[in-house]
There are 4 protein chains.
Amino acid sequence: MSKLWAGRFSQDTEDLINDFNASIDFDARLWRHDILGSLAHVKMLGACGIIEPGEASQIIAGLNAIQVDLESGSSEFSRDFEDVHMNVEHLLKAKIGPVAGKLHTGRSRNDQVATDLRLWLKDEIKTVIQLITEVQSRLIRLAEEHIDTVLPGMTHLQHAQPVRLSHHLLAYFWMLKRDRERLSESCKRVDVLPLGSGALAGTSYPIDREFVARELGFARVSENSMDSVSDRDFVVETLSALALMFVHLSRFSEEMIIWNSQEFSFVTMGDNVTTGSSIMPQKKNPDVVELVRGKSGRVFGNLVALLTVLKGLPLAYNKDMQEDKEPLFDSIDTSKIALRALGILLDNISFNAKKMLAATKGDFSTATDLADFLVKNKLPFREAHEIVGNIVKYCELNNQTLEELSVDSLVQFSKLFEKASDDIGSVLGSVNSRNSQGGVGAAVVAEQLALAKIALVET
Amino acid sequence: MSKLWAGRFSQDTEDLINDFNASIDFDARLWRHDILGSLAHVKMLGACGIIEPGEASQIIAGLNAIQVDLESGSSEFSRDFEDVHMNVEHLLKAKIGPVAGKLHTGRSRNDQVATDLRLWLKDEIKTVIQLITEVQSRLIRLAEEHIDTVLPGMTHLQHAQPVRLSHHLLAYFWMLKRDRERLSESCKRVDVLPLGSGALAGTSYPIDREFVARELGFARVSENSMDSVSDRDFVVETLSALALMFVHLSRFSEEMIIWNSQEFSFVTMGDNVTTGSSIMPQKKNPDVVELVRGKSGRVFGNLVALLTVLKGLPLAYNKDMQEDKEPLFDSIDTSKIALRALGILLDNISFNAKKMLAATKGDFSTATDLADFLVKNKLPFREAHEIVGNIVKYCELNNQTLEELSVDSLVQFSKLFEKASDDIGSVLGSVNSRNSQGGVGAAVVAEQLALAKIALVET
Amino acid sequence: MSKLWAGRFSQDTEDLINDFNASIDFDARLWRHDILGSLAHVKMLGACGIIEPGEASQIIAGLNAIQVDLESGSSEFSRDFEDVHMNVEHLLKAKIGPVAGKLHTGRSRNDQVATDLRLWLKDEIKTVIQLITEVQSRLIRLAEEHIDTVLPGMTHLQHAQPVRLSHHLLAYFWMLKRDRERLSESCKRVDVLPLGSGALAGTSYPIDREFVARELGFARVSENSMDSVSDRDFVVETLSALALMFVHLSRFSEEMIIWNSQEFSFVTMGDNVTTGSSIMPQKKNPDVVELVRGKSGRVFGNLVALLTVLKGLPLAYNKDMQEDKEPLFDSIDTSKIALRALGILLDNISFNAKKMLAATKGDFSTATDLADFLVKNKLPFREAHEIVGNIVKYCELNNQTLEELSVDSLVQFSKLFEKASDDIGSVLGSVNSRNSQGGVGAAVVAEQLALAKIALVET
Amino acid sequence: MSKLWAGRFSQDTEDLINDFNASIDFDARLWRHDILGSLAHVKMLGACGIIEPGEASQIIAGLNAIQVDLESGSSEFSRDFEDVHMNVEHLLKAKIGPVAGKLHTGRSRNDQVATDLRLWLKDEIKTVIQLITEVQSRLIRLAEEHIDTVLPGMTHLQHAQPVRLSHHLLAYFWMLKRDRERLSESCKRVDVLPLGSGALAGTSYPIDREFVARELGFARVSENSMDSVSDRDFVVETLSALALMFVHLSRFSEEMIIWNSQEFSFVTMGDNVTTGSSIMPQKKNPDVVELVRGKSGRVFGNLVALLTVLKGLPLAYNKDMQEDKEPLFDSIDTSKIALRALGILLDNISFNAKKMLAATKGDFSTATDLADFLVKNKLPFREAHEIVGNIVKYCELNNQTLEELSVDSLVQFSKLFEKASDDIGSVLGSVNSRNSQGGVGAAVVAEQLALAKIALVET
């Protein structure tokens with residue numbers, strides 16, 4: 001029986017466990033922020049007299065030198081030193097000798113890693129917000145270009161009422177505005193310094209946490225050391241905000257995919273954002289938007305991953321929390337490249353205004369406008385609907401569209417149509433009549449566009 | 001072969017499809033907010049001259065009467081009328097006749113349902129925030145009662161450094177504070193009026209959306225009609241905030257379950273929050289906290305459900321969106337009852353201060369304090385650690401605890417200990433020395449408690 | 001300060017905690033299987049001499065009487081008795097007096113609830129499999145009706161190569177076949193009796209678990225009592241299988257929604273499976289398939305919910321596990337109604353063969369066939385592609401389709417086309433040439449259909 | 001305004017889109033299976049006369065040479081060639097010239113990638129199953145070593161009834177057995193050849209798919225080409241099975257973490273599977289099991305990711321599907337390293353039998369045994385419970401444990417105890433009495449162990 005468990009586990013035990021525990025393969029990317037945090041910490045240690053001024057200077061010089069080495073590639077990390085913090089400390093010791101050991105006075109890896117991650121994330125959120133803004137600015141430009149382009153507005157993927165393309169595109173502008181808001185708001189909770197919380201209980205060294213916060217540009221310091229080292233809310237919040245952003249990106253992508261079908265032909269995408277076929281010239285695979293839509297999967301999955309990790313963890317730090325970084329890195333990276341790719345797509349897409357307008361012909365999507373006209377002229381709703389129902393039937397029988405019917409024809413169904421203007425039943429008449437706030441009328445879309453331009457530059 | 005598809009589908013086709021489409025079974029709970037929304041809408045229609053003042057009065061009276069009937073139970077909803085909106089309109093027609101049909105002028109069910117849900121959710125979020133506050137207030141009370149109770153602070157569920165129980169409990173206070181913040185912030189995006197967006201394109205009636213917003217207490221009106229009828233961000237945001245809250249509740253629950261084990265015995269729970277056994281008197285099953293921990297599952301699941309629903313939906317309204325309500329209702333209901341139950345638990349739990357203190361004895365969790373003492377007296381870190389390592393070994397050999405060692409004994413390991421006070425190595429000495437901001441020292445915990453009391457009453 | 005925690009928690013403590021703990025509101029639906037399980041258990045107790053034969057008879061008679069009362073509605077459950085097991089036992093005591101207490105000999109609620117749930121689920125899985133089969137049979141019927149209907153086969157929602165509609169529909173047949181397989185296989189792990197595991201450690205009564213298994217129709221008894229009372233794998237497996245089924249149902253629904261757009265017009269759905277508009281006759285909202293697509297959300301969410309619940313639970317039973325039922329009930333109910341609704345949809349949908357065929361005209365989707373022809377005639381691939389590229393360009397310039405080109409015209413591009421038959425470049429020619437196993441050629445689709453009919457009746 | 005969209009998108013458009021679309025960074029790992037698949041395909045092309053025998057030989061030789069180059073590192077992949085398939089083909093062309101182009105005859109990347117992934121996964125599932133088996137074999141060894149070690153069996157983390165440690169460990173054996181079963185069963189659906197399905201419609205070349213299946217060791221060929229290129233069920237199934245496995249691994253880990261606490265001290269872990277502290281000798285952070293528990297997050301997240309990707313995708317291939325690989329690779333890699341790490345842990349853990357036994361003292365967990373004794377001696381259940389309740393109260397008052405009470409003392413509570421043996425109320429008596437099938441009695445645990453040994457070697 002003994003053979004059964006004399007299996008492959010027996011070899012290289014130490015290595016495998018070391019690999020399993022090590023995080024350097026993914027947390028190495030935090031190294032700049034790790035050094036930044038260490039610089040602030042050591043300045044404070046010097047300023048508070050916890051270490052000698054000379055020691056502080058030595059360590060600062062050493063950290064700066066390491067920074068140069070790492071940027072130039074002349075130093076490298078090793079899995080032997082488990083994580084980015086130990087690797088940096090190891091390089092520091094090699095550079096300046098035993099005084100390097102003083103750097104870790106009054107802190108622990110538990111508060112250090114939380115500080116690194118927050119510093120890093122503050123930068124990344126800013127970049128994501130900037131990239132969102134760039135997509136928004138393209139939506140504004142396209143809306144301006146297509147201020148009067150009309151297409152069938154759809155519900156249930158069925159023609160419902162004609163709308164302006166500008167209005168349709170601006171719908172996404174406002175979704176992205178909310179995404180920016182959410183990221184900004186969660187950033188307030190990222191912008192809190194945990195350093196000084198120690199392993200979990202604070203420290204007895206006379207540290208000055210406000211000093212460090214100022215050095216690093218944190219808005220404030222955390223209130224409770226146990227919370228500080230085990231709080232990953234700021235990561236979950238960011239993952240949630242990005243998941244919701246991908247809901248929006250996936251919706252836009254879905255529309256572009258459908259609009260790019262031969263049957264719709266509402267858009268034409270540039271060769272640089274599609275893949276084609278040498279012998280099927282009509283085939284323009286909308287890879288970019290398909291991938292954006294598909295990548296909603298990983299971004300949702302990353303959120304679920306971290307919620308699962310954190311569920312039911314006792315205070316304070318647990319090794320499980322090491323699993324916070326990869327989902328965050330992946331959702332941030334995915335967001336950045338997807339926004340960039342969508343921005344490029346929007347620079348290389350053209351909307352086929354003729355096709356869109358043609359699609360509204362004969363779709364009876366202005367029938368409600370006729371009924372509304374009668375209601376406004378005091379006809380009860382039910383009666384109005386019955387009359388319009390008859391008009392529609394007449395059109396179907398005679399193979400006519402609503403917009404083709406003259407006012408004279410309409411009058412045969414109801415005298416009230418005598419007061420109607422010639423463009424009644426027309427798509428443009430319909431679109432222009434909807435001047436309620438936030439509607440598709442020319443005036444209110446212009447107002448909306450003005451609001452959007454203001455919102456674009458708001459922080 | 002034909003028998004194969006002459007199966008059970010053939011019967012009652014209409015009924016099954018009606019049942020499948022109907023939402024009245026779950027959206028009925030929105031009826032009060034549906035009537036509220038309708039009252040505001042009809043007042044506006046009257047004020048703007050879209051309907052006659054007399055008609056408006058009739059409809060208002062009718063809606064008020066229906067409200068009374070529904071409260072008293074003398075009217076009931078029926079699945080024949082699909083959803084809450086159609087049911088209310090049906091009751092209205094039965095009450096006041098055909099003029100009821102004028103209520104729907106200038107709106108559609110697409111903007112109506114979004115309005116109802118936002119109105120309802122604003123109320124519910126307020127309640128959840130209030131319930132969080134009540135749990136927080138209990139944490140403050142318990143922290144005050146246990147301001148100086150000491151227990152082993154843990155990382156990896158291993159004794160790390162002694163902490164104050166007050167500090168430990170306040171860690172949860174700050175988590176809950178962030179939950180309140182998040183709910184408040186997302187409430188800003190709930191607090192937007194979609195009514196007036198029509199089916200998707202706005203309306204040509206001269207409606208006044210600001211009027212309706214004022215009537216209903218909405219902070220502002222939405223900017224884009226297509227976005228308005230297809231936006232469920234506010235639901236996703238709420239579900240995300242509640243999911244994160246359940247991370248916190250599950251963590252607290254996990255700790256209470258572990259603390260309630262015979263092995264820990266850190267807490268005793270009242271009979272009304274546990275289930276026992278008539279013949280196993282020691283058994284106190286902590287059902288309440290187990291259920292709270294378990295209910296994180298459904299709250300996470302509800303978030304995933306809605307993200308999945310929304311992924312890849314084209315504009316504007318699609319029937320899929322009907323699936324937004326049940327996850328929201330469930331997460332709100334679950335949050336409310338879980339918070340209430342936890343509040344009751346906190347009123348019926350006692351912390352065993354003696355057991356906690358006893359657990360810190362002989363756990364060497366103050367060894368770092370000894371090393372820190374030496375470092376503060378200018379001994380290099382490495383050397384200090386080596387000395388303390390020897391002290392610990394000595395204790396183990398002689399079956400002594402660190403706190404039992406006299407200063408005289410310590411001096412035998414390093415002369416520097418001559419300057420040490422008597423409580424060096426003691427748990428209380430350790431706890432009280434950690435006076436860094438946010439640490440476990442008496443002074444800083446008092447400060448933290450004061451901050452918490454302020455935060456409690458902030459809105 | 002004291003007011004802060006004298007909040008709403010103080011009232012009705014007991015009621016709220018009772019409501020929180022109680023499961024009767026949702027587990028009541030297990031009552032038939034609870035009684036079934038109890039009948040088998042008591043028969044065994046009698047047969048093994050653990051209770052007197054007379055006592056067994058009394059209890060059996062009592063359980064049967066309760067069954068009648070519950071079916072007729074003359075007995076009801078109450079939240080006072082927490083769950084379905086206690087409610088049934090309470091009714092039994094009221095019916096037959098103290099001997100009712102003997103029923104619970106040698107079992108516990110921990111093994112009882114697992115037994116009930118497995119019994120119930122075995123029945124439900126059978127129903128779901130039957131409903132899948134009925135959908136499959138409709139796909140077969142439609143495939144037979146449309147054995148030769150041709151439409152553009154798509155990748156990236158772009159026309160790629162023409163395919164048979166029968167083939168397209170059968171793709172879903174095979175997905176559903178895998179769903180049935182998965183459900184059948186997980187049913188093997190549902191089909192295991194936990195009863196007799198007691199609270200967690202088995203029992204010292206001389207029970208006969210095989211007897212009970214035979215009575216209840218379980219394939220075997222569980223091997224380990226601790227595993228038995230804490231195992232919810234069978235629920236997770238079912239939820240996983242249903243989630244994957246909803247991937248398939250959502251894909252089919254998505255296609256039907258797109259095909260139902262005016263732009264595609266590939267399908268026409270009956271009035272009983274769509275909602276229309278009285279004055280927009282062209283509008284047929286495909287509510288049924290939109291809801292099916294949307295309901296994938298809740299089914300995915302239910303899976304996440306239970307995985308979350310179970311993560312990190314120590315052995316054996318924990319109250320968290322009570323959260324297993326609602327997600328399971330919901331996913332089963334959702335699956336059943338969605339399959340029924342889809343079945344009805346398939347009975348009320350018509351495929352517009354003319355529109356489909358027309359959509360293949362001029363889409364150059366047979367260009368690969370021309371290239372393949374040249375390659376088969378020994379022209380190197382690259383050269384063949386270049387020639388066909390030139391043909392396509394020629395067509396575009398001259399506004400011609402590939403199928404319109406005569407063999408004579410083709411020969412001008414390559415002599416090799418002399419050997420070509422007249423239908424080269426034709427859609428039908430393309431479709432019929434693809435006679436690789438599993439392809440869209442007439443012969444191989446016929447084979448596939450034959451295989452599908454066999455698979456339909458396999459168990 | 002124009003500056004707003006003249007942002008960073010403008011630079012390096014092509015590169016970014018290429019990076020976004022490329023999959024070579026992660027699909028490179030499939031290269032061995034890609035070559036394997038190509039070898040089988042080209043042999044078939046030669047055997048069927050679709051290409052010349054000499055061409056086939058040339059291509060085979062080229063592929064073999066590339067294999068050697070890649071193994072030795074003398075060839076490398078480049079992002080310029082997008083994915084693994086194009087990279088291999090590019091290397092082939094460089095090696096053997098234009099004849100390389102014939103390799104792709106009668107196939108497409110759509111069926112090729114599905115084939116590669118299935119081939120790869122078949123191997124990986126075998127490895128995972130083998131690693132599960134090695135963990136199971138360790139559980140058996142430990143169960144044998146601790147066949148009679150007794151510990152408190154818990155429900156709700158409360159002492160319920162004493163159990164054997166062997167039994168407790170074997171509970172995990174059976175969970176893992178189900179994991180193996182699930183993986184084996186889903187492997188049947190992995191083991192299907194899609195090659196020959198072409199882009200989506202099959203091919204007109206006279207290919208022999210059965211030949212290729214035999215070459216590659218696939219059990220059968222797929223039935224429908226459209227299904228074949230868009231089917232990712234086999235990936236979802238594997239991700240589901242691994243998610244459920246991680247439920248089990250996380251439960252075991254949670255128990256080991258709790259057992260490793262000072263308060264429980266049920267286990268001692270070796271230095272090579274924990275991290276310690278140089279000056280806190282008692283601290284043994286159970287990193288390995290914490291990480292295993294935490295990694296359940298990513299494995300659940302990967303499942304959610306792919307379900308999200310697939311939801312609502314129309315037939316056949318869409319670029320979204322490229323997102324299938326990373327979650328699969330990650331869940332497989334995570335499973336393998338976690339199982340290996342757990343195996344090492346089980347080789348380096350010792351169970352503290354004395355502590356476990358001591359924990360059962362005075363916990364009244366044998367009270368049910370006393371009651372059962374009375375019931376077996378015909379006392380009604382209620383009365384029996386009342387008597388035992390009194391005994392327990394007596395013990396509490398007199399600070400005695402149940403096992404300390406002599407039979408004489410018990411008789412004072414009920415004459416029926418006269419028949420009792422001396423070990424009544426003893427923990428060992430309790431454990432040994434529970435001889436129901438699957439219970440904790442010595443005889444039935446021995447049976448269970450025998451069954452487990454058989455199950456271990458079953459395939």
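Computed from heavy atoms alone, side chains included, the values below leave out hydrogens, waters and symmetry copies. Residue numbers start from 1 in every chain, and the chains themselves are labelled A, B, ... in the order their sequence lines are given, proteins ahead of strands. Small disclaimer: the values here were computed from a predicted structure and weren't measured.
There is no contact between Leu306(A) and chain D, counting heavy-atom distances below 4.5 Å. Residue Val292(A) touches chain D through both its backbone and its side chain, counting heavy-atom pairs closer than 4.5 Å.
With respect to the salt-bridge test (charged N to carboxylate O, under 4.0 angstrom), the residues Asp333(D) and Lys295(D) do not qualify. In summary, Glu124(A) and Lys336(A) engage in a salt bridge, as defined by a charged side-chain N under 4.0 Å from a carboxylate O. Look at Arg298(D) and Asp330(A) and you find no salt bridge, because none of the NZ, NE, NH1 or NH2 atoms lies under 4.0 Å from a carboxylate O. A salt bridge is absent between Arg138(A) and Glu145(A); no separation between the charged side-chain nitrogens and carboxylate oxygens falls under 4.0 Å.
Per-residue heavy-atom pair counts under 4.5 Å with chain D were compared for Lys311(A), Gln136(A), Arg293(A), Met321(A), and the maximum is reached by Arg293(A). For the set Val309(A), Leu313(A), Leu291(A), Val304(A), the entry with the most heavy-atom pairs within less than 4.5 Å of chain D is Leu291(A). Contact tally against chain A (heavy-atom pairs below 4.5 Å) for Asp320(D), Thr308(D), Asp324(D): the top residue is Asp320(D). Contact count versus chain D (heavy atoms, under 4.5 Å) is highest, among Gly294(A), Gly312(A), Pro327(A), for Gly294(A). In terms of heavy-atom pairs under 4.5 Å with chain A, the best-connected choice from Pro286(D), Gly297(D), Ser296(D), Pro314(D) is Gly297(D).
Against chain A, no residue from residues 243-257 of chain D qualifies, as none has a non-hydrogen atom under 4.5 angstrom away.
Checked by atom type, the side-chain pair Thr275(A)/Asp287(A) shows a donor-acceptor distance below 3.5 Å. Asn348(D) and Asn272(D) share a donor-acceptor pair across their side chains, judged by distance under 3.5 Å alone. Ser23(A) and Asp83(A) are not linked by any side-chain donor-acceptor pair at a separation below 3.5 angstrom, with hydrogens and angles left out of the test.
Between the OG1 atom of Thr334(D) and the CG atom of Leu242(D) there is a distance of 9.0 Å, given to the nearest 0.5 Å.
A salt bridge (Lys or Arg N to Asp or Glu O under 4.0 Å) with Arg79(A) is found for exactly one of Asp19(A), Asp27(A), Asp15(A), namely Asp19(A).
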